[in-house]
Amino acid sequence: MPDDSIDEVYEAYYESGSTDGLPVIPPTDRRVDRMLEGTDLAPEMEIGRLGNRQGRLTVETVAVNGVMAGCLPIHMPVLIAGARAQVAPGSEMIEASVGTDSSAHLFLLNGPIREVLDVNSDTGAFGPGFRSNQTIGRALGLILQNTAGHHPGEQAMGVIGNPFKNTLVTGENERKTPWEPFHVERGYDDDENTITVTNVNCFVQSSNYGRNKTKTGILSRLVYNTPSQLGFRKGAVYVISPANAHELRDVSKREVKEYIYENAVVPGESFSSPGKRRRTPDPEALNDVRRRVHDSPEEIEVVVAGGEGAWNAVLGPMEGGPTTVRIDLPDDWDALLDDYRSGLDRDWGQPLHGE
Amino acid sequence: MRDPVAESTADETLQPLNDRVEALDGLRIGFYNNAKPAAEPVTDVLQSLLAERYPNATFERFHVPARDEESLRQIGEWAASETDVCLAIIGDCGGCTRAIARATNAVEAAGVPAVGLVADEFGLSFETNARNEGRRLRHREVPIRSETTDLDLIREAVDETLLDAIETALTEPLTDEERGTAED
């Protein structure tokens, strides 16, 4: 095996197909053992299996890939919950990974752990800059790749590819949402921590400045920017900025979903009958017949994230999920934070959450 | 240094392919169809040409999406009871090439020699899927683009040369690697 030199490890692991192309932190025994401090689970414990090769995803596999991605031991609870979401059959990680549609894996964090780990859910929520957002997504991508054994052109057959496959992690901006948070909507308590995964093809942003900054204007823009490709698969995640969510504060989340469901339509010739998971073109349909993009309001997800300003995003169509898993913390969590939380310190940008 | 790659029994124990048949004429030739739009027209053209070449062969067809263990079990059961050799058609996208490799493996696991058919450029995907299934499954590339359903293009691609290649895949003796006896 290669030694501890970053150059040599990077090149050796790149050659063997164990990286995502970027440099990795060498997973030395010392670093991996330190990473395993972040869990009470035994290293050899199997979380599940992934891919045709039935790769055995263990706690240690999570730790090794977490080290390579630049995670801290305090990220381990999130990574383990994320790995559990990945192996859950309903998350369809393998289908999304091998498909020609190049879906990326979206991970949404809810609960107090977002603030503890400085997971960005504010300005630049989906962008670079924050260690937790970047390394958690990268680690989960490496875990999938190195467990299922997927590489572009071999089994990962995304035609166009997707830059969001590198990492697509955000927290919900629970401080600024007028609605109950996503995980509460799904039956968890406010103070529970969760990670949710789904696979999404597109990331479309739209603005609501000026005359669009009304309830109808905001909702109409969400509808207008719904990717027409959504008819191919089910559902989408609508990410609404805090400012626009505030404008919609008198409207329930359910009403937002119903509005989108009622109004997001495509020409009837685009897809055949609603209700089919994959709709094939229907040459018999009339041009003036319009069909709803979504089969029901239930396949529409609404999340509040981002900073100030009137921009929103639609992520979809979804393939698999959303699969939500609770994040369990180890017994010595507070001591772990004392030891490793400084790895998330920063003296730039928006204030640390909770400060 | 720790290894980031998860362990897999598929990497450790290579399963052998079934011995090939001596000739195809007089056999029950099975077509597994994964319901991709190109699968049926490719099967139609292939069956027509195979019937000309092997007048004493009979043909069986089976269709179920190869998405889960139950469907793979059904494919194996059908192949074992209804066929002597089997063609799995067609891998022309990421998910369906994976499914075709899994279906081909299910047929081999049921004791029937099989070959998977994939579209242009999906051979490597089939090979890696097959390797991860733990068997050096045989495949042939049909020289059509992904998702081709145009019958004229399919007739052009499914010719005597492809038939020769399919025949070879089902009759040529196994290599040591395919027997699972090769030393890595």
Side-chain angles (χ1 to χ4, degrees), chain A residues 1-4 8-9 12-13 16-19 24 26-29 31-33 35 46 49-58 60-69 89 92 94-102 142-143 145-151 153-159 280, chain B residues 1-15 34-38 40 65-70 72 91-106 109 116 118-137 145-147 149:
Chain A
M1 293 294 282
D3 68 15
D4 194 8
E8 288 179 27
V9 173
Y13 280 26
S16 67
S18 307
T19 78
V24 294
T28 60
D29 288 350
R31 290 192 181 104
V32 174
D33 288 345
M35 186 64 71
E46 182 177 303
R49 298 195 176 220
L50 279 171
N52 291 33
R53 67 191 290 271
Q54 289 290 292
R56 193 167 167 268
L57 176 51
T58 64
E60 181 168 321
T61 309
V62 172
V64 174
N65 286 280
V67 167
M68 288 168 59
E92 297 190 19
I94 297 302
E95 289 82 354
S97 178
V98 304
T100 47
D101 59 323
S102 308
L142 286 170
I143 287 166
Q145 170 189 313
N146 287 329
T147 305
H150 290 178
H151 298 100
E154 291 184 352
Q155 294 186 48
M157 299 301 287
V159 175
T280 50
Chain B
M1 209 68 61
R2 305 281 179 92
D3 188 352
V5 178
E7 289 175 6
S8 165
T9 51
D11 298 340
E12 296 162 6
T13 48
L14 196 61
Q15 299 296 313
N34 66 346
K36 283 304 296 279
E40 192 164 321
R67 287 186 69 85
D68 54 26
E69 295 305 317
E70 172 56 21
L72 293 170
D92 62 358
C93 72
C96 63
T97 300
R98 173 174 181 259
I100 282 296
R102 298 187 81 194
T104 307
N105 188 51
V118 298
D120 257 350
E121 308 285 339
F122 285 90
L124 178 61
S125 178
F126 184 95
E127 282 173 23
T128 51
N129 273 290
R131 191 166 63 229
N132 286 347
E133 287 288 327
R135 217 184 293 266
R136 299 295 186 261
L137 301 166
R145 310 297 291 268
S146 171
E147 311 255 340
T149 54

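First the proteins, then the strands, lettered A, B, ... as listed; each starts at 1.
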Check whether A:Q155 gets within reach of chain B through its side chain, its backbone, both or neither, counting any heavy atom under 4.5 Å. both
Greatest number of heavy atom pairs closer than 4.5 Å to chain A - which of B:P37, B:A99, B:S125: B:S125
Does any part of the side chain of A:P27, heavy atoms only, come nearer than 4.5 Å to the side chain of B:M1, both counted from C-beta? yes
Part of A:Q145 within contact of chain B (heavy atom distance under 4.5 Å): neither
Using the test salt bridge (Lys or Arg N to Asp or Glu O under 4.0 Å), find all partners of A:R56 that sit at least two apart in sequence or belong to another chain. A:E46, B:E7
Please identify which of these residues, A:V67, A:D33, A:N65, meets the side chain to side chain contact (heavy atoms under 4.5 Å, CB included) condition with B:R2. A:D33
Note: B:E121 and A:M157 closest approach over all heavy atoms is O-CE, 4.1 Å
Looking at every heavy atom in both B:A6 and A:T61, which two are closest together, and how far apart are they? CB-CG2, 4.2 Å
Evaluate the criterion side chain to side chain contact (heavy atoms under 4.5 Å, CB included) for residue pair A:R53 and B:V5; output intermediate values, then yes/no. CA-CA 11 Å; A:R53 67 191 290 271; B:V5 178; 3.8 Å; yes
Sort A:A63 into side chain, backbone, both or neither according to what part of it lies under 4.5 angstrom from a heavy atom of chain B. neither
Which heavy-atom pair separates A:G55 from B:S8 by the least distance, and what is that distance? CA-CB, 4.4 Å
Residue A:V64 versus chain B: region with a heavy atom under 4.5 Å: side chain
Among A:T19, A:T58, A:I94, which has the most heavy-atom pairs under 4.5 Å with chain B? A:I94
Go through the side-chain N and O atoms of B:R98 and A:N52 and say whether any donor and acceptor fall under 3.5 Å apart. yes
With sequence neighbours excluded, what pairs up with B:N105 under the side chain to side chain donor-acceptor pair (under 3.5 Å) test? B:E133, B:R135
